[in-house]
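First comes the structure, then the notes that go with it.
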There are 2 protein chains.
Amino acid sequence: MSPTSTQRLLIVDDHPLFRKGVMQLIALLPEFEVVGEASSGEQGIELAYKLAPDIILLDLNMKDMSGVDMLKVVKAAGLEARVVMLTVSDQAEDLVAALRAGADGYLLKETEPEELLVKLREVGAGQVSITERLAQQLARSLRTDSPPREPDEAGLTDQERRILDLIALGMSNKLIARELDIAEGTVKVHVKHLLRKLNLRSRVEAAVWAVEKKKARQP
Amino acid sequence: MSPTSTQRLLIVDDHPLFRKGVMQLIALLPEFEVVGEASSGEQGIELAYKLAPDIILLDLNMKDMSGVDMLKVVKAAGLEARVVMLTVSDQAEDLVAALRAGADGYLLKETEPEELLVKLREVGAGQVSITERLAQQLARSLRTDSPPREPDEAGLTDQERRILDLIALGMSNKLIARELDIAEGTVKVHVKHLLRKLNLRSRVEAAVWAVEKKKARQP
DNA sequence: GTCCATCTACCTCTTTGGTGGTAGGGCGCG
DNA sequence: CGCGCCCTACCACCAAAGAGGTAGATGGAC
């Protein structure tokens with residue numbers, strides 16, 4: 001039940017080398033464990049049933065079937081796995097199709113390894129994660145299903161939002177406490193809560209998140 | 001000898017209320033101490049001599065003389081104080097004039113209080129700090145003097161730059177160590193060094209700095 | 001060759017950050 | 001009225017971060 005229990009992954013891609021690369025990469029993160037790999041859509045579906053993974057990394061372009069098709073099968077089967085599409089295509093149509101089919105993430109294969117890890121954790125936390133920032137908005141408008149799990153970007157209380165801003169300015173809890181004239185321990189409480197609500201793991205992530213959100217609003 | 005020895009401030013502004021407001025604000029930061037305030041340019045020059053402050057907060061528009069004029073006097077006198085211009089004017093000419101005269105900072109009075117504190121610390125660390133991001137580039141091209149103290153934005157080694165990027169992704173030192181296959185202690189060393197070079201105080205500031213730099217390059 | 005910067009590693013030490021729990025006062029809602 | 005939410009505050013505990021120091025290995029510059 002703990003929020004950081006290890007996530008079980010299934011990798012589906014017809015490029016063995018790519019699979020190995022991703023596995024090696026994921027091995028860096030202790031919270032993830034690769035429990036299976038498939039080299040085709042058919043095998044992928046089979047393993048998805050058998051292993052019931054938490055997350056499926058799914059190639060969009062496979063020889064025997066489209067990743068979107070496999071995605072549809074998986075989702076239609078009622079499997080609870082979140083599915084992250086991995087692809088070389090940055091075509092909007094592919095993205096839209098994947099999201100309509102219920103993808104929880106859409107990442108380009110050229111993504112930086114570190115970026116991929118970060119995105120993976122986002123998806124693991126229940127977020128919908130897309131490489132392109134703009135596509136993110138597009139995603140929300142298209143997805144009619146799964147309304148319950150959203151990053152609750154606006155669910156912060158006033159005080160939490162204020163503290164988040166101060167974190168983004170690089171202030172320590174102690175300084176924030178002086179600024180708001182409350183106890184440092186109280187600041188910690190608010191930080192703890194806002195991290196939970198935003199599915200973030202540290203004040204550093206919170207700061208980055210806040211900055212990127214601000215930039216996204218006024219470009 | 002601690003790198004955060006308190007900085008002595010002189011405030012020059014003909015609005016008493018504004019002076020008080022700034023003083024109250026600055027009282028929040030333990031590393032700064034207001035040692036004097038002046039309500040005119042003439043008095044400001046006198047106190048600048050007498051008190052030899054580390055930083056002078058200087059109103060651009062005063063009744064008896066322009067802030068730029070006082071700035072020139074102070075700089076010509078060989079005083080080592082860094083001077084931060086405070087103004088309501090966002091006119092480029094004023095900014096240029098102030099920078100030509102040797103200002104180390106140029107902040108608008110409508111600046112958010114927290115922002116002002118952050119900028120103050122930047123100036124305290126030897127940076128030249130300007131409110132407008134765009135003006136910052138403009139500033140560097142105009143300033144022919146004081147080439148020694150610059151944020152050294154490019155002075156990082158490859159490893160330091162790599163680690164900075166990972167920090168900006170929210171990774172802990174431990175994760176960075178795994179990613180780069182080096183010891184965590186070694187990561188700390190690099191972090192320590194890059195914080196020094198960039199005049200930053202924490203990994204949070206480093207992360208924000210990196211993100212904003214990236215956004216500034218590709219808007 | 002020496003000098004110097006870099007990368008690596010390890011050490012101690014203090015501060016900061018994050019989690020868990022408890023708890024009281026204020027405030028709106030049913 | 002009680003209930004839930006928010007804000008506040010405190011506690012203990014452990015992990016992480018940052019400062020300081022020493023030091024060996026490399027490789028390029030002089």
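Every value quoted in this text rests on a predicted model; they were computed, and no experiment measured them. Below, read A as the first sequence line, B as the second, and so on, with proteins coming before strands; counting in each chain starts at 1.
Within the structure, every side-chain polar atom (N or O) of A:Lys174 is placed at least 4.0 Å from both OP1 and OP2 of C:dT15. Between A:Arg162 and D:dC6, a side-chain N or O to OP1/OP2 separation shorter than 4.0 Å is absent. Close to D:dT8, at under 4.0 Å from its OP1 or OP2, lies a side-chain N or O of A:Gln159. OP1 or OP2 of D:dA16 has not a single side-chain nitrogen or oxygen of B:Asn173 nearer than 4.0 Å.
D:dC7 atom P lies 19 Å from atom CD of A:Glu184, rounded to whole Å. A straight line from CD1 of B:Ile182 to P of D:dT26 spans 18 Å, rounded to a whole angstrom. In this structure, A:Lys188 places its NZ atom 11 Å from C1' of D:dA15, rounding to the nearest Å. In this entry the distance linking CG of B:Leu156 with P of C:dA5 reads 16 Å, nearest Å. Note: CD1 (B:Ile163) to P (D:dA17) measures 12 Å, nearest angstrom. Spacing between atom NE2 of B:His193 and atom C1' of D:dG20 amounts to 10 Å, rounded to whole angstrom units. The distance between atom CG of B:Leu175 and atom P of D:dA15, rounded to the nearest whole Å, is 15 Å. The separation between B:Leu195 atom CG and D:dA17 atom C1' is 10 Å, rounded to whole Å.
A:Thr186 OG1 to A:Ile176 CD1: the interatomic distance, rounded to the nearest 0.5 Å, is 12.0 Å.
Checked against C:dT6, C:dA9, C:dG17, the side chain of B:Thr157 finds its nearest nucleotide in C:dT6. Among the nucleotides C:dG18, D:dG18, C:dG20, the one closest to the side chain of A:Ser202 is C:dG18. With distances taken from any side-chain atom of B:His190 to the nucleotides D:dT8, C:dT8, D:dA17, the minimum falls on C:dT8. When the nucleotides D:dA17, D:dC10, C:dG20 are ranked by their closest atom to the side chain of B:Arg203, D:dA17 comes out on top.
With respect to the salt-bridge test (charged N to carboxylate O, under 4.0 angstrom), the residues B:Arg19 and B:Glu37 qualify.
Within 4.0 Å of A:Ser172, counting heavy atoms only, lie sugar-phosphate atoms of the nucleic acid but no base atom. Residue A:Val189 is classed as a base contact, given a heavy-atom separation below 4.0 Å to a base.
For A:Lys192 and C:dG17, a side-chain-to-base donor-acceptor distance below 3.5 Å is absent, hydrogens and geometry of angles not being considered.
The side-chain heavy atoms of A:Leu57 and A:Val22, taken from C-beta on, include a pair separated by under 4.5 Å. Contact annotation: the side chain of A:Leu195 never approaches that of A:Arg201 to less than 4.5 Å [non-hydrogen atoms, C-beta and beyond]. Counting heavy atoms from C-beta on, the side chains of B:Val191 and B:Ile163 come closer than 4.5 Å.
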